Amino acid sequence: MSEEMIVTKELRDKLHQLKDYIKELGSVVVAFSSGVDSTFLLKIVHDVLGDQCMAVTAMSCSFPKRELDEAKAFCEKEGICHRIVESEELEIEGFCQNPKNRCYLCKKELFQKIGKIAKEEGFAAVVEGSNMDDNGDYRPGLQAVAELGVKSPLRHCNLYKADIRALSREMGLPTWEKQSFACLSSRFVYGETISKEKLGMVDQAEQLLLDLGFHQLRVRIHGKMARIEVMPEEFQKLLENREQIVAKLKEYGFTYVTMDLQGYRMGSMNETL
């Protein structure tokens with residue numbers, strides 16, 4: 001087991017702090033995407049608060065069906081009350097032009113909807129799953145979180161992604177080794193128009209790579225060019241499957257298919273800012 005997978009006393013203290021913090025909130029609606037962080041957070045909230053916990057998942061064209069299916073399955077298995085809201089980002093004024101504050105526009109609309117549900121159902125707080133690693137990247141969505149009074153328990157308790165994976169592994173959560181995911185709109189270069197068609201192209205391309213066994217990946221879109229990011233240790237695998245990948249991506253609508261020699265990295269579209 002690697003060092004980052006070991007649950008230390010310090011990490012157990014953070015977990016106790018997290019549970020105490022959630023208990024103080026009383027009743028909670030969790031913004032649930034079925035990712036590593038929100039799954040861990042939802043499990044803890046439900047363990048602490050029971051039926052005073054509700055999960056809300058946003059359904060949109062930038063959220064792959066596989067993620068929605070996983071969210072439904074997890075809540076059903078755990079017996080968690082689960083609501084699904086439609087959050088069609090493409091209808092938000094200015095969103096399709098993919099401005100630098102795109103994530104702010106999206107998160108504000110989403111958390112306003114979740115906040116309304118929380119108020120109508122009598123829940124005291126809305127929480128989301130950003131962690132300490134999210135503080136280091138350009139995250140305009142966190143501005144919306146702050147403005148709307150949404151709580152960020154994982155950041156409040158100084159939990160990092162590696163901490164969450166280690167605790168998730170010990171708890172037997174299936175997401176402990178799941179790849180990091182961000183909405184499909186994050187695959188577009190700033191200023192490039194986001195469309196349902198292009199979101200579908202990216203979704204199909206990433207699903208193909210996942211089906212081929214790649215773990216952490218992104219397919220960034222630049223016009224009709226695909227820029228594939230995988231971990232450096234999987235470069236050879238990408239080359240071995242080159243012909244199939246190129247043929248399929250052209251079928252999906254891409255004209256050019258490229259491999260990024262820097263490999264996968266979080267927020268690579270922010271390098272132009």
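Every heavy atom of this structure was used, including side-chain atoms; hydrogens, water molecules and symmetry mates were not. Keep in mind that this is a model prediction, so the values were computed, not measured.
Residues Lys161 and Asp37 form a side-chain contact, since some pair of their non-hydrogen atoms from C-beta on lies under 4.5 Å apart. With contacts defined as side-chain heavy-atom distances shorter than 4.5 Å, the pair Leu90/Ser62 does not qualify. Ile164 places a side-chain heavy atom less than 4.5 Å from the side chain of Leu154. The closest side-chain heavy-atom distance from Cys75 to Leu42 is below 4.5 Å. Looking only at side-chain heavy atoms (C-beta outward), Cys106 and Phe95 come within less than 4.5 Å of each other. At a threshold of 4.5 Å between non-hydrogen side-chain atoms, the residues Leu217 and Tyr264 do not count as touching. The closest side-chain heavy-atom distance from Met225 to Thr258 is below 4.5 Å. A heavy-atom distance below 4.5 Å is not found between the side chains of Phe254 and Lys224.
A salt bridge does not link Glu128 with Lys107: every distance from a Lys NZ or Arg NE/NH1/NH2 to an Asp or Glu carboxylate oxygen is 4.0 Å or more. Salt bridge status for Glu170 with Arg12: present, with a side-chain N to carboxylate O gap under 4.0 Å. A salt bridge is absent between Glu177 and Arg169: the closest approach of a Lys/Arg side-chain nitrogen to an acidic carboxylate oxygen does not fall below 4.0 angstrom. In summary, Glu89 and Arg102 do not engage in a salt bridge, as defined by a charged side-chain N under 4.0 Å from a carboxylate O. Using a 4.0 Å cut-off between charged side-chain N and carboxylate O, Lys113 and Glu109 make a salt bridge. Taking 4.0 Å as the cut-off between side-chain N and carboxylate O, Arg218 and Asp260 do not count as a salt-bridged pair. A salt bridge links Glu229 with Arg227: at least one charged nitrogen is closer than 4.0 Å to a carboxylate oxygen. Under a 4.0 Å N-O distance rule, the pair Lys248/Asp211 does not qualify as a salt bridge.
Without hydrogens or angle criteria, Asn241 side chain to Leu238 main chain gives no donor-acceptor distance under 3.5 Å. Side-chain atoms of Arg165 come within 3.5 Å of backbone N or O of Lys178 as a donor-acceptor pair. A distance-only check finds no donor-acceptor pair linking the side chain of Lys250 to the backbone of Tyr256 [under 3.5 Å].
Residues Ile114 and Leu49 do not share a hydrophobic cluster, defined by chaining ILVMFWY side chains whose heavy atoms lie under 4.5 Å apart.
Ring geometry, Phe63 versus Phe181: the interplanar angle exceeds 60°, so the pair is classed perpendicular (tilted spans 30 to 60°).
Gln207 and Tyr252 form no side-chain donor-acceptor contact under 3.5 Å, judged by distance and modelled atom types alone.
Sparse packing is recorded around CD of Glu243, with 12 or fewer heavy atoms of other residues, nucleotides or ligands lying under 6.0 Å away. More than 12 heavy atoms of other residues, nucleotides or ligands lie within 6.0 Å of NZ in Lys198, so this atom counts as buried by the packing criterion.
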Practice item. Test His82 against Thr57 for side-chain contact (heavy atoms from CB on, under 4.5 Å), laying out the working first. Key: CA-CA 8 Å; His82 188 209; Thr57 301; 2.7 Å; yes
